[in-house]
Amino acid sequence: MESVTAEAVSKDRMVSATVNARGEIAELKFHTDKYRSMAPAELASAVTEVIERARRDVAQQVSEAMRGLVPGDSAAREQAVAGDPSALLEELGLGKVNPPA
């Protein structure tokens, strides 16, 4: 799982982002110098968009890889893989897990 990465490239191919399995930015590249003439908000939006797209892609890869490892029925498993383990915990008899105070 540690080797899973995803890359996204902006529509205009100006910037690309690669993220690792934890969703952390592993690489950010500018392929043109178009960013120099962009308004700060426009540049921020372009960078944020490629990072978020790469994060969604890597999350999907991780979810697919984990799908067979999570116990329970398919609905509870799907919720757990999507980030909400409550139904799976209930199904396994673990009830609600309260965070430490």
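- Using a 4.5 Å cut-off on side-chain heavy atoms (C-beta onward), Val58 and Val4 make contact.
- Pairs passing the ring pair (Phe, Tyr, Trp, His ring centres under 6.0 Å) check and including a residue from residues 42-61, sequence neighbours excluded, do not occur.
- Taking every heavy atom of both residues into account, Gly23 and Arg55 meet most closely at O-NE, 2.6 Å.
- A salt bridge (charged side-chain N to carboxylate O under 4.0 Å, His left out) check over residues 15-24, counting only residues at least two apart or in different chains, returns the pairs Glu2-Arg22, Arg22-Glu24.
- Taking Glu27 as the reference, nothing meets the side-chain hydrogen bond (donor to acceptor under 3.5 Å, both in side chains) condition, with sequence neighbours excluded.
- Here the side chains of Leu28 and Val15 are in contact, with some heavy-atom distance below 4.5 Å.
- Here Ile25 contributes atom CD1 and Thr18 contributes atom OG1; the two are 10.0 Å apart, rounded to the nearest 0.5 Å.
- Without hydrogens or angle criteria, Ser45 side chain to Ala41 main chain gives no donor-acceptor distance under 3.5 Å.
- For residues 39-63, no residue pair satisfies the ring pair (Phe, Tyr, Trp, His ring centres under 6.0 Å) rule, not counting sequence neighbours.
- Going from atom OG of Ser10 over to atom CZ of Phe30 covers 9.0 Å, rounded to the nearest 0.5 Å.
- Note on residues 34-47: pairs passing salt bridge (charged side-chain N to carboxylate O under 4.0 Å, His left out), not counting sequence neighbours, are Asp12-Lys34.
- Every residue two or more places apart in sequence or in another chain that forms a side-chain contact (heavy atoms from CB on, under 4.5 Å) with Ala8 is listed here: Val50, Arg53, Ala54.
- At a threshold of 4.5 Å between non-hydrogen side-chain atoms, the residues Leu43 and Met14 count as touching.
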